[in-house]
Each structure stands twice: as C-alpha cells, then as structure tokens.
Enquirer: 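Got a structure for you, questions after.
Chain letters run A, B, ... following the sequence lines, proteins first and then strands; every chain starts at 1.
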Amino acid sequence: MRLFTTIMLLFVSFLSYSQQPEDFIPNSAISVFTINSGQVLQKISLDDLVKYDFMEDVQQELFDGSTSGKTLKESGINFDQKFNIFFGKGEKYEISGFTFGISSEDQLFEVFDDFEQQKSDYEGTEWYNSYFNHLIIKDKVGIMIRVSANYRIVRDFADSIWVTRGNKSSYYNDWYYNEGFDYIEEEVVEFTEEMEVETEENTSSPAQNEELPVAEEDPSQKTYFELRDSVEMVFNSVFLKEVLDDLLIAKNNRKKTTPILAKQLMREADGVFYFDNSKYNRHGSYSYRRPFYTNIYAFVDELYEENTIVGDIQINDGSIDLNVDANYNNKLGAIYEELSDAKFDKNVLKYIHKDNQGFFTYNIDVKKAYEKTVEIVMPILEETEGHKAMEWLILMDLFDEFANKDAIFKTYKGSMFGTFNGIKKVKTTKITYDYDEENFESTRKEVESEEDMPIFTFGFSTKNNAFSEKILKRIERLSRKEIYAKNGIWVVERGAMNSSDLYYILKNDLFIITNDEDLAMNHSEGYGKESLGKTLSKKAKKSKFLYGYSDLGKAIEELPRDLFSSRDNEILDAIKGKSGQVELSSTGIDTDKASFKMSYTFDGENEDVATYVLDLINSLYVNSK
Amino acid sequence: MKFFTYTIFPFLIFAFSACIEIIDDITINDDGSGTFKYTVNLSSSKVKINSILALDSLDGKKVPSLSEIQEKLHELSNSLRTKEGISNVDFHADYDNFIFKIKCDFTSLSLLQNAVEELAIKENKGVAIPELKKEWLTFENDSLVRSVPKITLIKAKKINKRDAELLKEGSYTSITRFQKVVDTFSNNSAKLSKNRKAVMVRTNPYLLIQNPQLVDNVIYLEEE
C-alpha cells in the first residue's frame, strides 16, 4: 500500500510539474488567445483553419497539399491540452505563433511536412525550420513561432551599410527633422559579429510605396534589395534567439510574468483571451511618432498603465457567450466612471421600431467626463516637459476659460442611439447611352432606376434644439443642396448618399438624422405602440452605458453585403437561414474595470458553433494587432 | 482598349464592381492616326459607391476619398498629356453620376500603346509589365487587328466569385471607327453600322474577363 501511495504521489507530482503549452507563451506576447475546447477545434478542417488571420500570419507556407481534406484531429495535436495563439509587437520585432500539445509527432509532420530538422541550441528540445517559421518541441509541447524584425530597424541598418559603401540613400526626408518634435532619439542597434550579413535571398518582398535606391550594376556587389533582405534575415535570427533564450533558458513566459493571464487561463471556459492594451499603445500603429513626442507619450503611457483586456468565451446549449473585462488604473477608471454615470434618455426608445433589425444605445455624460479628465490630466500635463504638452495645456486653459461649456454640453450631452431598419428600394436615376444604327454615335439618356438603400436612424440627446434649428436655417441659405423645413422636419434633398432624402428631426430633446421617410413624415414624435418592446427597452435601460441588439434572422437577409469584406460575407452566408440574436451589453463600470457581455443565442442545434467561436477569436486577434 | 479597365480604373472595377458600363471608342484615320475615347459609367451604382466612399476601408483595403480619386484621375490625364504622339487630352468626370470620360488624339496606334504602357508601368511602381510589350492594336494595309493584353487574364483571376457575378449586370461596348468603308471582319458577334464605317462589339464585363478574346477582331477595309 505504501508503495502504491508513493507511486501515486510521484505520478501526481510529475503531472503537476510537467509544463503545459501555455507555459511556453513568450514574454513578448501582447495578445494571447487560448482555446480550451476540443469541441471547437476538432471539427474544423485544416484548410478552413488556415484561412483565419491568426493562422495565416504564422504559417501561410506550411499548409499546402498536406492539409487537404484533413481535420485538426488528424494533425497530431493533443486536444486535452490548451491551444494558445499569441501575437506581440515590440520596439524591435514582432512575434506571432501558437503553442500546443502533441499527441503524435508522426501525424504532426505529415501536416507540417515542409519542416526540416536542425540541431537545437536548447537542451531537451527538437528544432525544425520552414522558411520563416520555427517549430520547437519540448516535452510533447510544440511552439510554432515566427519573429520578424521591425521594418524601420532593418531599413535603417541596411541604409547605413548601403551609404557606408558609397551609395546614395533616398530615405531621410526633411519631415523627419521638422519643428514641433520634442527631440529625436533613434534606437541604436549594436552590430555584432554574429550578425554577419549572409547572402540568402529568400526574404519577404519590400514595401511597395516607396522609391528605392537603384541597384548596383556590378553583379559581384549586392543590390540594395539583397542587402536589405540579408540584414532582415540576420536581425530575425538575432531576435528569435533573444525570445527563445528568455523562454527556454531564463524560463520566463507570459503566464509566469502576468498573474492576470495566469488567472484567466485557469477559467473553465471554451476559450479565453488576454490583451495588453498598455503595451499595444506603446508599440501599436503610431509608435513611430514616439521618438518625437516622448513626453506626451509618457503621459499617455501613465494613463494607460495596467490597461488590459481579458475575456472568456463559453459555448452553451443554444448560445455562445463572450464576457469581457477591461481593466485599468484608477486614473483612467475615474474618468470612465464619471463618463458612464449618465441618466438613460428614455426618449430614444420611442424612435426604435419594434421590428428593427438592429439597434444600439450609448449613454454617457460628456460634461462629467470632461470635468474629471481636466482634473486628472491637467496635473500630469503640468509636470510634462516639451512643446506638445505646453500646446495642449494652453489649448485646455483657453477652452476652460473662454468656451461656454454649459452651452456645448447642453447641445451634445453624450447619449446617442442608432437603428438599422433594413434595405429599401429607392428611386434614383442612371445614365445610359443609345447608339444610332447609322454610325454608332451615342446619345446620353437619363433614365429612372432603383437601388438598394440601407435605412438607418441616428440620434443624440440635446437640450438645445433651438440652437440646432438656427444652424440648420443658416445652412439652408449656404448649401448648394436643397434644404427645407416640412411639417417641422428638415429635409435635405438627395442628402443620403446622393440618392434619397435625408431628414433631420429636432423633437423630444433629440437631434435625429434618418433616411427613413416613414419615420420622418409619419412618426416624428416616435413610433408610439410600434416602438421597441418592453423586454428590450428594459435591457437597454439597465445596461445604461452600452447596449446593442440585432435579430440576425431578420438582419442577415438585408445587410448591405457589399459593405462587408469577403471573409465577413462568408460568415454571413454561414449564418444565413438560421434564427438567432446577438446582444451586447455593459454589465458594470467602476474605478478598476468595465465589464461587457456579448451573447449570440440561436434556436436549436447549430453545427457552426466552432466557426463562430474561431471567427470571434479571429476578430479579436485582428483588432489586437 | 480594355486594358484601361485594369490599369487606369482598377479601383473602380474591383472595389466598385457593381453595375458598370464601359465604352471603348476608337477612330482610326487612313494614315493610322486617330482619336481614342474611353468611358466608365457607374451611374447605376451611385448609392453603392457613395456607401463605399463613406467607409474607411473595405476588405482590408483603404477606400480612397473622393478628392483622392479626383486627384489620381487628374494626375493620370496630365501624365497622358505629356506622352509622345498624344494630343488634345480631354478628361471629364461627373462625380454626381460617377461617369468618367477620357478622350485623346494619337498620331499612331503604336504611340498610343506606348503611352498606355508607360502609364501602366508608372502605376505599377515602375515595374515593367511584359504582357504589354506585345502590340494589341495594329493597323497595316487597311486592316486592323485588335486583341486584349494577357495582363487582363491575370487580373481577371483575382476577381472573386461574388464580384464577378455583379459584373454580369454591366456592359462593355467596343466601337472601332474608320474613314473608309469596312469590307469584312472576323468577330462573329460584331455588328457593322449602316454607313459601314464603324464596327461595334457589345458584351458584359463578366464574359469579357472570362473570355478576353470576345472583343478580338480583325477588320479589313475596302480598297478604294
């Protein structure tokens, strides 16, 4: 018995110390998406899976013919373990990839058949490469990773070598040194021996919208492109080593260094996600401006410190639920708390038809938010050095002193709503050409036509309708379009997309813009008994800050498909013909977090659940990039 | 000249692939000079275009603003003015109905093709387009041979199924005019005007991208 107990204890201790795929998420990951459920992944074909952005970014070269007709179930992936997708963007490089458990290496390499093994520098690991992707296997866990050096670093370094060799560079433009920047601080990357430039040509294509230096005529010399590709390859391998040294030697990983992620990973959900918004702000799309506005960005960083977004996805019988918490520090929290402390404007409910196909209500108090922002931001700006900070301070002082804030916030209080009421055929004209049989000379002819027009209504609360009306009267005299008042409603002829009329309704302390003639001409005081039902009205009121609802059964048929991407349209096609509702609500806002819930409820069985969940993850992934 | 569809107006075609009417009208004088007119009529899709213009991006691509489109089209017409053998360039855009017309005179078909090729290369970030090296319009010994460059086939493959369906609703009209009377022509779908000096082929953009040879024609003129 003692022996049995000892064996059991040893087994348990082995289990508790064996590393899981989530223990190999690199520390530089900014966003992490974890799929817990085999239910989600096993049904998905590999060919469908690779269409998602989160997979495509990592291994677009991997899945060729080897994936045809196969599901993930047959790919050697262990579905008893978590499948973690990660993405990160830093000052020097981007990383993307995923970690997963392996049940069969043989099956795995039937799919990943382009990978070639190489000697691993890390003890206890196997290393495989395919183009820019690297697969490291450790203790039955796969780490698929790609590390890409940031373009600016590669370009600057390649330029530097190029110019040193006596060539001419066309890059540094005057804007780089324009006035108004606090100061310029360029990152210095040390050129070490191991970064010796190689001659490999297999690199990604250069950015297209730039004029590049002319290549050398001498074939023994590298052209600019070849040089830049070589530099890129070297940097990629240096940064890959940096990431892997931290992960496999120093044993750091995102879960270990981020308790909020570790906690999130413990949740019993079908999928969880984590997004570090503070880091995203540092390294996002506009990070190239940072060197020029260091002080202002330091201020923004302070405001966004500890700003993370975590969430979980639950697949239930008849619904998929997404719960999201946006965590922030008490400075940002104080602003959000004031912002959301607004009284719900019941008048908006009068203008939402009970048979609408989708609507949202958004309820904030801009005046309170402004006052709190001034209270928090001004002291930070006071202590911030630099031109920009001073400019902001002066503007804020001037606004605070001279602007009539009461009038401004009386006109726009902050609450708004919008509805989509489907598509309506509208009369329009088109030009056609008729041809004379004698000589095929053409004659222009204007004929009546019909086009599909999305019917929408958008409105916001105001206590200053008289002012808005005064402005409209002025515009009437100025505008080249026909603007006139009819039964107390302002009509802008062909104001909606140059085709149908647009209406401005200034009633019930609301400023409403719509192209719905029926609402404008017959229901300008609201829909009365035909307005939104009690259940949804109650939910919108209760949600206060944000509420959105769409009856997919009705909306999908009539959504203006041309305005959605091909991928969105594929999803819409999948949902088409099924009944269901999507609901988004805010469930609470306080000083440290704001919580939201999104539910997709559907009637009966829905075989596309896995697709929806992956699409949801994909949307989150794309938005987090 | 369907080539224009894929170079000068790529955005209009692929992003606004709605009900589109394209008219390509070329007049060839006896000495090989002539006048080229090209019209893109999107007036049947005004609402759709205005809706798209209201967006920031579509299908992951930035939607240009109306002023950016205006600027680009004027830049192209100005660029065309500078080309050898090209004169009297007249560009007209009706932004209420989304009708774009360009007209120019040329001293020879080969110079017209050179001008188009140069514009296309400029738009292609300076990279040469080998398919355009081959002449697709020739006029010799009172016969005109016209075809469509292979580049259109390559571009056609990039149109997704949904957009292609929309192109079925459009129309493509190709007119070739002469000073002399037409004797015969090879394209069975082509139609001869009553005065026998103009040949017209009508199809829709979808069929054309499926089979670019639809507007190919060899036209023989009567000897005087």
Side-chain angles (χ1 to χ4, degrees), chain A residues 53 56 205-212 214 423-442 444-456 480-481 494-500 502 515 560-570 572-573 622 625, chain B residues 15-19 21-23 25 27 37 39 41-55 57-61 63 66 94-99 101 124-127 160-163 166 171 173-178 190-202:
Chain A
D53 299 82
E56 206 176 37
S205 49
Q208 290 186 334
N209 295 325
E210 58 181 337
E211 283 186 22
L212 293 162
V214 179
I423 298 286
K424 201 173 129 187
K425 291 273 181 209
V426 290
K427 290 254 182 282
T428 177
T429 53
K430 68 174 180 182
I431 308 297
T432 59
Y433 294 92
D434 283 347
Y435 296 93
D436 175 359
E437 291 291 317
E438 178 62 28
N439 52 15
F440 293 151
E441 286 303 332
S442 61
R444 179 187 158 118
K445 209 168 80 179
E446 190 170 303
V447 293
E448 280 205 344
S449 173
E450 271 192 342
E451 273 197 80
D452 287 340
M453 167 74 83
I455 301 299
F456 60 84
R480 70 183 176 93
K481 281 194 185 296
R494 296 171 72 197
M497 298 167 191
N498 210 19
S499 298
S500 70
L502 194 67
N515 62 347
R561 305 292 287 270
D562 300 324
L563 305 186
F564 291 89
S565 70
S566 312
R567 175 71 198 146
D568 290 340
N569 273 308
E570 280 176 33
L572 293 176
D573 284 337
V622 169
K625 282 186 79 179
Chain B
F16 297 164
S17 50
C19 191
E21 181 180 16
I22 297 165
I23 305 158
D25 186 328
T27 302
K37 288 189 243 175
T39 305
N41 175 7
L42 292 157
S43 63
S44 316
S45 312
K46 276 188 283 191
V47 174
K48 187 177 170 184
I49 294 169
N50 277 305
S51 311
I52 292 170
L53 286 171
L55 301 174
S57 65
L58 179 67
D59 229 346
K61 293 175 191 75
V63 175
L66 200 53
D94 169 356
Y95 293 103
D96 285 332
N97 290 302
F98 293 99
I99 299 175
K101 287 181 179 181
N124 201 32
K125 316 285 180 209
V127 179
N160 68 40
K161 205 176 158 188
R162 220 169 151 267
D163 288 341
L166 286 165
S171 74
T173 306
S174 170
I175 302 170
T176 317
R177 301 173 193 279
F178 302 93
K191 196 175 156 187
L192 187 63
S193 66
K194 279 186 182 167
N195 70 2
R196 297 184 61 208
K197 288 182 175 179
V199 177
M200 181 199 274
V201 183
R202 298 193 83 173

Enquirer: Under 4.0 Å between a Lys/Arg side-chain N and an Asp/Glu carboxylate O for A:E441 and B:R177?
Expert: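 Answer for the salt bridge query: yes.
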Enquirer: Select, from B:R196, B:R202, B:K197, the one with the greatest count of heavy-atom pairs under 4.5 Å involving chain A.
Expert: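 Result: the option with the highest number of such pairs is B:R202.
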Enquirer: Between A:K427 and A:E448, is the closest basic N to carboxylate O distance under 4.0 Å?
Expert: no
Enquirer: For chain B, find which of A:I431, A:D436, A:T432 contributes the most heavy-atom pairs closer than 4.5 angstrom.
Expert: A:I431
Enquirer: At a heavy-atom separation under 4.5 Å, does B:T173 approach chain A through its side chain, its backbone, both, or neither?
Expert: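 For B:T173, side-chain heavy atoms alone lie under 4.5 Å from chain A.
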Enquirer: Is A:Y433 close to chain B through its backbone or its side chain, or both, or neither, when contacts mean heavy atoms under 4.5 Å?
Expert: both
Enquirer: Please check: side-chain N/O of B:S193 versus main-chain N/O of B:A198, any donor-acceptor pairing under 3.5 Å?
Expert: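 Confirmed, B:S193 side chain pairs with B:A198 backbone.
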Enquirer: Can B:K46 and A:T429 be counted as having a side-chain donor-acceptor contact under 3.5 angstrom?
Expert: yes
Enquirer: Under 4.5 Å, counting heavy-atom pairs only, tell me which of B:V199, B:N195, B:L192, B:I99 racks up the most with chain A.
Expert: B:N195
Enquirer: Any salt bridge linking B:K191 with A:E437? Criterion: basic side-chain nitrogen under 4.0 Å from a carboxylate oxygen.
Expert: yes
Enquirer: According to salt bridge (Lys or Arg N to Asp or Glu O under 4.0 Å), who are the partners of A:R444, at least two apart in sequence or on a separate chain?
Expert: B:D94
Enquirer: At a 4.5 Å cut-off on heavy atoms, which part of B:N41 comes close to chain A: side chain, backbone, both, or neither?
Expert: side chain
Enquirer: Which atoms of A:D452 are under 4.5 Å from chain B, going by heavy atoms: the side chain, the backbone, both sets, or neither?
Expert: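 A:D452 touches chain B through backbone heavy atoms alone.
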Enquirer: Is B:I23 close to chain A through its backbone or its side chain, or both, or neither, when contacts mean heavy atoms under 4.5 Å?
Expert: side chain
